[in-house]
Each structure stands twice: as C-alpha cells, then as structure tokens.
Amino acid sequence: SQLVESGGGLAQPGGSLTLSCKASGFTFQYHATGWFRQAPGKEREWISCITSAGGVRYYADAVKGRFTMSSDNTMTTLYLKMDSLQPEDTAVYYCAADRRAMCLEKGYTYSRPLDYWGDGTSVTVSS
C-alpha cells in the first residue's frame with residue numbers, strides 16, 4: 001500500500017497547477033488526509049487537510065483562498081488545486097493519510113510514523 005503524488009512541474013506566477021495523490025492498496029475511508037510542502041532550505045510545512053469523516057477542510061493561512069483540496073468519490077485520489085501561484089509556493093509537495101491523525105483548523109496532527117506518506121512531487125513557480 002502506498003501513496004503516489006503527480007502533477008508537479010513548472011508554473012508561471014499567477015498560474016495554476018493541480019496535484020494528484022493516488023492511493024494504492026487502500027482507500028481514504030476513516031483516514032484524515034493532508035498535503036504538506038517543503039521548500040528548499042526550509043522545514044516541511046502543513047498546507048491543507050480533510051477530516052477523516054470527509055466533510056471538513058482546513059488550510060494554512062499561506063494558501064487559504066488560493067488552494068483547494070478535494071477527494072474523488074472512490075476515496076482513492078486526493079487533489080490539490082493551486083491557483084494564483086507565487087514564487088514562494090515553490091516546493092516539493094507531499095500527501096499523507098493516517099487513521100489516527102486529526103485534521104484541525106490549526107493543522108494536521110499525528111503521531112509518528114504516519115500510516116501513509118508519498119514521495120512528493122516538485123512544483124516550481126518562476127517566470
């Protein structure tokens with residue numbers, strides 16, 4: 001069982017990208033899911049999550065109003081639609097899923113190790 005991210009690449013400032021996170025061997029039912037990113041030389045940061053019940057989404061202030069996280073009806077793919085991209089959005093983006101994690105307004109909290117963590121997809125925002 002694993003998570004695989006895709007959809008990264010080069011975007012211009014003000015542009016858009018949509019990332020995908022495909023689960024294999026399991027579904028997101030009963031899992032809190034989240035997206036994180038790590039910019040060069042910086043620590044990994046949480047950017048969005050969906051509660052295990054699937055009904056509530058939270059976003060970090062840095063992306064609120066620009067990024068939208070969603071899941072498909074089969075509960076096997078997560079999406080992160082990124083609009084109004086800025087150079088500071090340049091990072092490797094990771095998805096995560098965990099049955100014990102909590103998706104809260106303040107962030108995605110979990111106890112190591114996570115059930116599932118992807119290898120990341122790189123996003124570069126540059127003109």
Q | K22 and S6: side chain donor to acceptor below 3.5 Å | A | no
Q | Under 3.5 Å donor-acceptor, R57 side chain and M69 backbone | A | yes
Q | Point-to-point distance, once rounded to the nearest 0.5 Å, from CD of Q86 to OG of S126 | A | 13.5 Å
Q) Are any side-chain N or O atoms of S52 and backbone N or O atoms of H31, one a donor and one an acceptor, separated by less than 3.5 Å? A) no
Q. So, the side chain of D83 versus the backbone of S16: is there a donor-acceptor pair under 3.5 Å, distance only?
A. no
Q. Would you call V123 and D89 a side-chain contact if the rule is heavy atoms closer than 4.5 Å?
A. no
Q) If you take all heavy atoms of T121 and G8, which pair is closest and at what distance? A) OG1-N, 3.1 Å
Q. About how many Å separate CG of L78 and CD of E5, when rounded to the nearest 0.5 Å?
A. 9.5 Å
**Q.** Donor-acceptor contact present, side-chain S48 to main-chain Y58, <3.5 Å
**A.** no
(Q) As a quick check of understanding, evaluate side-chain contact (heavy atoms from CB on, under 4.5 Å) for Y59 and T68, giving each step before the final call. (A) CA-CA 8 Å; Y59 299 91; T68 303; 3.9 Å; yes
**Q.** NZ or CZ of R44 within 45° of Y94 ring axis and under 6.0 Å
**A.** yes
**Q.** Heavy-atom pair of closest approach, residues K42 and Q38
**A.** O-NE2, 3.1 Å
Q | Straight-line distance of M82 CE to Y93 OH, nearest 0.5 Å | A | 5.0 Å
Q) Would you say L85 and Q12 make side-chain contact, with heavy atoms under 4.5 Å? A) no
Q: Return the minimal non-hydrogen interatomic distance between T77 and S20, and the atom names on each side.
A: CG2-CB, 4.4 Å
**Q.** Distance-minimising heavy-atom pair for A32 and A101
**A.** CB-O, 3.6 Å
Q: Measure the CH2-SG distance between W35 and C49 for me, rounded to the nearest 0.5 Å.
A: 13.5 Å
**Q.** Rounded distance (nearest 0.5 Å) linking atom SG of C103 with atom CD1 of I50
**A.** 7.5 Å
Q.
Just checking F28 against F26, ring centres under 6.0 Å apart?
A. yes
Q.
Given 3.5 Å as the limit, does a donor-acceptor pair link the side chain of D115 with the main chain of A97, or not?
A. no
Q) Are W117 and F36 an aromatic pair by the rule of ring centers under 6.0 Å? A) yes
(Q) Rounded at 0.5 Å granularity, tell me how far CG in L114 sits from CG in D98. (A) 5.0 Å
Q. Between L80 and I47, is any pair of side-chain heavy atoms under 4.5 Å apart?
A. yes
(Q) Walk me through whether L17 and K81 qualify under side-chain contact (heavy atoms from CB on, under 4.5 Å). (A) CA-CA 6 Å; L17 282 175; K81 187 176 187 302; over 6 Å; no
Q: Please check if Y116 and L19 belong to a single hydrophobic cluster, counting links between Ile, Leu, Val, Met, Phe, Trp and Tyr side chain heavy atoms closer than 4.5 Å.
A: yes
Q) Cluster question for you: counting only ILVMFWY and a side-chain heavy-atom cut-off of under 4.5 Å, with indirect links fine, are F67 and Y108 together? A) no
Q. Taking it one step at a time, do T27 and T74 satisfy side-chain contact (heavy atoms from CB on, under 4.5 Å)?
A. CA-CA 8 Å; T27 73; T74 67; over 6 Å; no
**Q.** R99/Y30 under side-chain hydrogen bond (donor to acceptor under 3.5 Å, both in side chains): CA gap, chis, key distance, verdict
**A.** CA-CA 6 Å; R99 291 161 294 175; Y30 307 125; over 6 Å; no
Q) In the single-linkage hydrophobic clustering (I, L, V, M, F, W, Y; side-chain heavy atoms under 4.5 Å), do M75 and V4 co-cluster? A) no
